[in-house]
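Reviewing the structure listed below.
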Amino acid sequence: MSEYILEVKNLNKTYSGIQVLHDVAFGLRRGETHALVGENGAGKSTLIKIIAGVVDPDGGSEIYWDGALVPRMTAHRSMELGLSVIYQDISMFPNLSIAENICKGLFHDPFVQFKKIRATARKALDTMGVELDLGQRLGEISVGKQQLVAIARAITFDAKVIVMDEPTAALSSTEVRMLYRIIETLKARGVSIVYISHKLEEIFTVADRITVLRDGHKVATDEAKSFTSESLINMMVGRELRFVPMRNELGTSEEVLFEVKGLRNAPMVNDVSFRVYRNEVLGVTGLVGAGRSEMAQTIFGLMDREAGELYIHGDKVTIKDTNDAIRKGICYLPEDRRTQGLFMDQSMIWNITAVTLLKQRGPQHLLSGKKELETCGRYIDAVSIRPNLPKIHARNLSGGNAQKVLFSRWMNADPKVLIVDEPTAGVDVGAKAEIHKILRSMAASGVAVILISSDLSEVFAVSDRILVMREGRIVDEVAAGEATQEGILERGLGG
């Protein structure tokens with residue numbers, strides 16, 4: 001019996017002449033949780049897609065299952081062997097029930113009774129210690145609970161290896177603790193887990209071993225206890241990286257760039273008023289459901305505004321819809337970049353220039369492919385998007401690079417107001433620092449920047465002032481240098 005249930009050797013992958021994986025070796029033991037870490041673009045997603053059979057590696061690459069060489073791994077073959085991937089962007093059936101999603105494809109009898117489906121689904125959830133309404137439609141439950149349904153599906157199909165890609169991105173703290181318990185239960189049953197996360201505290205909580213990738217190369221594999229947070233970050237980015245607060249170096253200003261008065265979209269947004277001054281980043285935080293995203297979407301014209309006034313440079317503006325918002329200089333980077341922000345099946349060129357096509361016209365006032373390519377190339381260099389492949393589809397980009405593409409779109413739109421909602425969710429530490437630098441740079445250039453984030457360390461590091469929201473209202477305003485995590489949480493909870 002092989003030491004590894006899954007092993008890859010000499011793994012190489014090239015896209016359009018650019019090599020993204022270089023002789024990578026990786027081994028997964030039975031019943032272990034093996035964390036795979038690295039910056040966005042390090043090659044983690046490509047590695048997972050190859051072992052899942054979704055992407056073919058270059059010639060000479062080898063994949064072994066239980067010690068036996070798999071001549072050609074396909075998606076069907078990987079499922080037959082017992083590998084299940086739970087992607088960050090869950091691919092299931094929102095119109096089917098929870099029970100049907102858990103058992104979809106398990107029974108081939110067209111007359112199978114729903115009672116049997118429910119019993120099978122219930123058994124999987126009981127194994128996990130999770131209680132859900134089996135008859136409820138998947139689309140009616142939170143993304144966090146959908147993640148748990150995906151794990152139950154893997155258990156139902158008797159998966160021997162489960163890949164979890166950013167599994168806690170949409171989970172509450174209670175659901176995260178539940179996930180940890182589920183992982184221990186799975187390991188006790190001999191299931192092996194590949195765990196991908198940018199949250200280092202999670203890595204050290206769940207991982208038995210850690211493999212670090214950087215620029216498509218394997219940098220290290222060792223027991224988790226052999227690493228520290230500092231050493232892990234240094235290996236990931238290839239340099240020492242310090243999380244330094246990026247304060248306003250241009251000084252305070254009394255010039256109001258953007259003002260909101262009495263904004264209402266009940267019950268999510270109730271009488272919200274605030275100002276954004278020149279050179280500052282205004283942070284907005286609060287618990288999930290506090291109305292932060294709804295406030296942003298109401299300003300941007302995605303949601304109907306019942307009342308309230310908006311002013312840019314002192315002039316009142318009326319926003320009818322999102323196109324109107326963009327024309328008047330208000331841009332919004334949404335929380336869910338893949339379903340609300342990016343055109344997933346379109347190129348990086350398309351995504352960056354989508355809202356500024358008039359700027360991409362040639363001498364005959366026709367759309368110029370050359371200008372589009374030049375625009376895309378300028379932002380690839382400006383914000384360090386990797387790989388440098390303008391025609392690559394958005395769905396093939398890592399989380400951090402996908403986010404940089406969205407930033408590039410709005411930077412190219414010459415915004416007067418930029419609202420960013422959870423801009424570094426699912427983004428590695430290196431890309432996070434780069435995004436923070438972009439926000440500060442835009443604020444310094446005269447853009448009114450509003451940062452919405454649940455990550456208090458991020459809010460403290462980048463913001464000049466912080467607004468705390470609860471139940472659709474602003475309940476506190478504090479200078480970032482005077483704020484404490486305890487105080488912010490207390491106000492957010494209603495203290």
Side-chain angles (χ1 to χ4, degrees), residues 37-42 44-45 88 166 169-170 197-200 214-215 233 236-249 276 279-285 292-293 296 331-338 340-342 348 351-352 376 378-388 394 397-415 417-464 466 480:
V37 303
E39 288 192 278
N40 288 303
K44 304 186 301 295
S45 297
Q88 183 178 355
E166 296 289 348
S197 177
H198 291 119
K199 300 176 181 178
L200 298 188
R214 185 174 74 237
D215 298 329
I233 290 173
M236 288 166 59
V237 302
R239 63 192 185 278
E240 186 174 3
L241 184 67
R242 297 184 181 276
F243 195 57
V244 180
M246 296 186 182
R247 292 279 183 255
N248 176 6
E249 297 179 353
V276 184
N279 300 333
E280 78 166 351
V281 174
L282 178 67
V284 180
T285 191
R292 301 166 305 170
S293 296
C331 299
Y332 172 56
L333 194 149
E335 179 179 8
D336 190 339
R337 55 181 169 261
R338 295 191 179 272
Q340 296 178 315
L342 292 167
M348 199 188 303
N351 274 281
I352 290 176
C376 182
R378 187 165 66 250
Y379 286 104
I380 286 175
D381 293 337
V383 299
S384 301
I385 302 173
R386 296 293 179 269
N388 187 345
L397 292 170
S398 64
N401 286 307
Q403 199 73 311
K404 289 178 184 178
V405 167
L406 269 183
F407 268 101
S408 298
R409 176 191 297 170
W410 296 127
M411 290 166 71
N412 189 44
D414 299 323
V417 179
L418 177 65
I419 307 172
V420 294
D421 197 347
E422 303 289 359
T424 61
V427 169
D428 65 70
V429 288
K432 181 178 287 191
E434 291 173 351
I435 288 172
H436 290 171
K437 186 176 179 180
I438 292 170
L439 292 176
R440 285 259 55 121
S441 174
M442 295 187 77
S445 71
V447 177
V449 177
I450 301 171
L451 165 66
I452 299 173
S453 180
S454 302
D455 185 345
L456 290 182
S457 62
E458 174 170 74
V459 174
F460 290 163
V462 187
S463 306
D464 298 292
I466 301 172

Verify side chain to side chain contact (heavy atoms under 4.5 Å, CB included) between L451 and L439, making sure each step is shown before the conclusion. CA-CA 9 Å; L451 165 66; L439 292 176; 4.2 Å; yes
Find the distance between [atom1] ([X]) and [atom2] ([Y]) and round it off to the nearest 0.5 Å.
X: N351; Y: L406; atom1: CG; atom2: CG; answer: 7.0 Å
X: H436; Y: S463; atom1: NE2; atom2: OG; answer: 9.0 Å
X: K437; Y: M442; atom1: NZ; atom2: CE; answer: 14.5 Å
X: S45; Y: L397; atom1: OG; atom2: CG; answer: 10.0 Å
X: I452; Y: I419; atom1: CD1; atom2: CD1; answer: 6.5 Å
X: M348; Y: N388; atom1: CE; atom2: CG; answer: 7.0 Å

Once side chain to side chain donor-acceptor pair (under 3.5 Å) is applied, do any residues pair with [X], and if so which ones, sequence neighbours excluded?
X: S408; answer: none
X: T285; answer: none
X: D215; answer: none

Restricting to side-chain contact (heavy atoms from CB on, under 4.5 Å), what partner residues turn up for D414, sequence neighbours left out?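 So D414 forms a side-chain contact (heavy atoms from CB on, under 4.5 Å) with K359.
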Among residues at least two apart in sequence or on other chains, which ones pass side-chain contact (heavy atoms from CB on, under 4.5 Å) with E335? S293, D421, E422
Among M411, R378, E434, Q403, which residue satisfies the side-chain contact (heavy atoms from CB on, under 4.5 Å) criterion with V383? M411
For the residue pair [X] and [Y], what are the closest heavy atoms and their distance?
X: D464; Y: R440; answer: OD2-NH2, 2.9 Å
X: L342; Y: A402; answer: CD1-CB, 3.6 Å
X: P423; Y: E458; answer: CD-OE1, 4.2 Å
X: C331; Y: P415; answer: SG-CB, 3.7 Å

Stepwise side chain to side chain contact (heavy atoms under 4.5 Å, CB included) check, V284 with I450: CA-CA 7 Å; V284 180; I450 301 171; 3.8 Å; yes
State which residues pass ring-ring contact (aromatic ring centres under 6.0 Å, His included) with F407; sequence neighbours excluded, sorted by chain then number. none
Would you say the side-chain atoms of W410 pair up with the backbone N or O of Y332, donor to acceptor, closer than 3.5 Å?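 Checking the backbone N and O of Y332 against the side chain of W410, a donor-acceptor pair under 3.5 Å is found.
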Main-chain N/O of V37 paired with K44 side-chain donor or acceptor, under 3.5 Å: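 Checked: no pair found.
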Side chains of V405 and I385: does their closest heavy-atom pair fall under 4.5 Å? yes
